[in-house]
Asks: 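Sharing a structure here in structure tokens format.
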Amino acid sequence: MKIIKIIGVFLCAGLLIVVGKISWYLIYSATSVTCLESRPEDSFGFGKALAINDSYIAVGDPKANRVAIYSYDEAEKKWSRTREIYPPKNSIIDRVEHGFGSSLVFHHNQLIIGAFSNYVPSNFDENAENKYISRGFVYSLQLDKNNQNALRRINLPEGINPTGYAVNVFGDRIALKTTVKKDDSKKPDKVLIVNPATLKVESIIEPPILLSKRGNFGNGIAGNSEYLVISAPDIPTNGGVYLVDRQGKIKTIAISEAFLADETRKFGAPIAVGDDFLGIYSGGWGGLLSIFKQSSNGWEEIYSTYFLGSLSAYESQLLVSTGRYPFDGGTIHRSPNHLLIDVGEGRAFTRSTIRWHWWYYGSRPVAYGVIDSKHLLLSRRGKVVLLKKNFLPNYYVIDRSFCKEK
């Protein structure tokens, strides 16, 4: 009889734990998840680029050639879709009809929009060559001004073209990767530092060593309030990663010898920079994501995983959203789409894994995400949701019921 009572106590305790977890999950779902409004004209690329601040959310839809803007209504306590931004009339991106909103980043209430397209020039000019070329553009829009159509293009020096997909902010400046004309492959890529008020180039960051070709300098860029980190996978020195301070001085990041001893490891994109850590693609067989923590001995690797995609950092947290998975038999669709990682003193651990509930047969399970002080803004296949970070469960599933099907 005593044994039965003990078993009963354990069963009751287990049942209470399960009920508690389910209740916690349901309460969180009811109060902390927002599906942003999408419209029939939005494509499945809606959400390929994301940006958020206290007042606005920007959602890029490069396949539909526009950016949707959501404003926060303090009285209603909700986000509402208020407008769409399109490329300038008769611009190359407007005529190509895709690519606008390939990258997004906020500088206060100034939205920096990257555009990137592949197109055939002969479609627009019968005297042009009939071959694909790639062009990038970067635009600025001040969202809190009355002149709502004042989309301004960042113009660069002759012969230098922005990529349109590598744009970031560090300190009070805009950083963007540029490349040279296609027929001049011996000139290296550059990273340009732009004044956000005047949109004029203030400084040009070039590779610190001589290159025989472009070198993919600026393949990944990311910044925080103090510095900018630049990767260059074709530069072998120290894995190809550099730091630029607010005065524009470039220097090599001191990476541990143990990491550099592996010849398969070199840095590329994506990159995200927190307060005192760096999340970055770090090469290796199959591709790795690594987290490096700054210490008195330089930058030391404290975490690595094959889970790799877009990266976003805020203070001591890193959000990883999948660009690809390590295959595991037929269970690939059950893998998480996002990892929220806390970075502490000398260690990093997964705070929450997040998965989208529905699966599309034959589609790549690509997801995107950005993080700020209070939220995770996540997207996958044309759906965008906003999750509050407070009380986010260790394992969370974004259910189909949150968003209508396209």
Side-chain angles (χ1 to χ4, degrees), residues 22-64 66-85 101 104 106 111 143 309-310 312 314 319-323 333-340 351-361 363-406:
I22 292 174
S23 300
W24 179 25
Y25 182 94
L26 293 175
I27 291 170
Y28 177 86
S29 298
T31 61
S32 304
V33 184
T34 300
C35 182
L36 297 188
E37 175 195 356
S38 61
R39 297 176 179 174
E41 60 268 25
D42 296 334
S43 78
F44 285 116
F46 182 72
K48 190 172 182 180
L50 302 163
I52 183 172
N53 66 11
D54 291 339
S55 303
Y56 301 100
I57 289 174
V59 179
D61 191 350
K63 189 174 180 180
R66 63 171 167 264
V67 175
I69 304 298
Y70 298 78
S71 300
Y72 187 71
D73 188 324
E74 191 66 46
E76 296 287 334
K77 300 295 183 183
K78 69 175 185 178
W79 292 91
S80 300
R81 183 163 172 168
T82 54
R83 58 186 291 205
E84 285 87 33
I85 311 301
L104 299 169
F106 275 113
L111 180 63
L143 290 176
S310 65
S312 177
Y314 183 83
L319 175 66
V320 190
S321 303
T322 54
H333 59 285
R334 297 193 183 100
S335 301
N337 298 104
H338 310 271
L339 296 180
L340 179 59
R351 173 182 167 183
S352 184
T353 62
I354 302 165
R355 181 170 65 86
W356 292 76
H357 184 269
W358 55 98
W359 166 256
Y360 297 95
Y361 179 76
S363 67
R364 294 180 61 199
V366 177
Y368 303 92
V370 295
I371 183 174
D372 73 353
S373 60
K374 298 178 181 178
H375 304 98
L376 304 179
L377 181 64
L378 310 176
S379 71
R380 182 175 181 269
R381 196 172 168 84
K383 303 289 189 299
V384 181
V385 298
L386 188 68
L387 305 184
K388 291 183 179 179
K389 289 197 300 186
N390 285 348
F391 310 114
L392 179 65
N394 293 332
Y395 180 79
Y396 187 71
V397 178
I398 302 170
D399 195 81
R400 305 172 71 104
S401 61
F402 294 131
C403 300
K404 295 179 181 179
E405 295 288 348
K406 284 189 179 296

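Since we're looking at a predicted model, the values are computed, not measured. Both backbone and side-chain heavy atoms feed into the values below; hydrogens, waters and symmetry mates do not.
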Asks: Step by step, would you call L377 with L36 a side-chain contact (heavy atoms from CB on, under 4.5 Å)?
Replies: CA-CA 10 Å; L377 181 64; L36 297 188; 4.0 Å; yes

Asks: State whether the number of non-hydrogen atoms from other residues, nucleotides or ligands found under 6.0 Å of K389 atom NZ is greater than 12.
Replies: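 Enclosed: over 12 neighbouring heavy atoms sit under 6.0 Å from NZ of K389.
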
Asks: Can you check whether L50 reaches S379 side chain to side chain, under 4.5 Å on heavy atoms?
Replies: yes

Asks: Below 4.5 Å, heavy atoms only, C-beta onward: do H338 and W356 meet side chain to side chain?
Replies: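 Yes, at least one pair of side-chain atoms sits under 4.5 Å.
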
Asks: Can you name the closest pair of heavy atoms from A68 and F46 and give their distance?
Replies: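 Taking every non-hydrogen atom into account, CB-CE1, 4.0 Å.
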
Asks: Which atoms form the tightest heavy-atom contact between A58 and V67, and what is the distance?
Replies: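 Minimum heavy-atom separation between A58 and V67: CB-CG1, 4.1 Å.
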
Asks: Residues two or more places apart in sequence or in another chain: which of them pass side chain to side chain contact (heavy atoms under 4.5 Å, CB included) with K78?
Replies: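 Partners of K78 by the side chain to side chain contact (heavy atoms under 4.5 Å, CB included) criterion, ordered by chain and then number, come out as E76, S80.
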
Asks: CZ of R355 to CZ of R380: how many Å apart, nearest 0.5 Å?
Replies: 10.0 Å

Asks: Just jot down the side chain to side chain contact (heavy atoms under 4.5 Å, CB included) partners of A49, sequence neighbours excluded, or say none.
Replies: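 Once residues adjacent in sequence are excluded, the partners of A49 under the side chain to side chain contact (heavy atoms under 4.5 Å, CB included) criterion are L104.
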
Asks: Suppose we screen for side chain to side chain contact (heavy atoms under 4.5 Å, CB included). Which residues come up paired with S352, at least two apart in sequence or across chains?
Replies: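 By the side chain to side chain contact (heavy atoms under 4.5 Å, CB included) rule, S352 matches L340, I354, L392.
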
Asks: Report yes or no: does Y70 contribute a side-chain atom to a donor-acceptor pair with the main-chain N or O of V59 at less than 3.5 Å?
Replies: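 No: the side chain of Y70 does not pair with the backbone of V59.
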
Asks: What distance separates D54 CG from E74 CD, expressed to the nearest 0.5 Å?
Replies: 10.0 Å

Asks: Which heavy-atom pair separates A51 from L111 by the least distance, and what is that distance?
Replies: CB-CD1, 4.5 Å

Asks: Indicate yes or no: at least one non-hydrogen side-chain atom of K388 is less than 4.5 angstrom from one of H375.
Replies: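 A side-chain contact under 4.5 Å exists here.
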
Asks: Starting at CG of L386, measure out to CD1 of I57 and round the result to the nearest 0.5 Å.
Replies: 5.0 Å

Asks: Return yes when atom CG of D73 has more than 12 non-hydrogen atoms of other residues, nucleotides or ligands closer than 6.0 Å, and no otherwise.
Replies: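 Yes, CG of D73 has more than 12 neighbouring heavy atoms, counting only those of other groups under 6.0 Å.
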
Asks: The criterion is side chain to side chain contact (heavy atoms under 4.5 Å, CB included); which residues satisfy it with S71, sequence neighbours excluded?
Replies: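 By the side chain to side chain contact (heavy atoms under 4.5 Å, CB included) rule, S71 matches Y56, T82.
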
Asks: Kindly compute the distance separating CG (L387) from CD1 (I371), expressed to the nearest 0.5 Å.
Replies: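 Reported to 0.5 Å precision, the distance equals 11.0 Å.
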
Asks: Can you sort out the partners of R81 under salt bridge (Lys or Arg N to Asp or Glu O under 4.0 Å), two or more places apart, ordered by chain and number?
Replies: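 Testing R81 for salt bridge (Lys or Arg N to Asp or Glu O under 4.0 Å), a comparison that skips the adjacent residues, returns D42, E84.
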
Asks: Would a 4.5 Å heavy-atom cut-off, applied to side chains only, mark Y396 and V33 as touching?
Replies: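 Result yes, sub-4.5 Å side-chain heavy-atom pair found.
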
Asks: Using a 3.5 Å distance criterion without hydrogens, assess whether the side chain of S321 forms a donor-acceptor pair with backbone atoms of G309.
Replies: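 Checking the backbone N and O of G309 against the side chain of S321, no donor-acceptor pair under 3.5 Å is found.
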
Asks: Who are the side chain to side chain donor-acceptor pair (under 3.5 Å) partners of E41, not counting sequence neighbours?
Replies: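 So E41 forms no side chain to side chain donor-acceptor pair (under 3.5 Å) with any residue.
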
Asks: What is the distance from atom CG of L143 to atom CG of N53, rounded to the nearest 0.5 Å?
Replies: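 Between L143 CG and N53 CG, I get 8.0 Å after rounding to 0.5 Å.
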
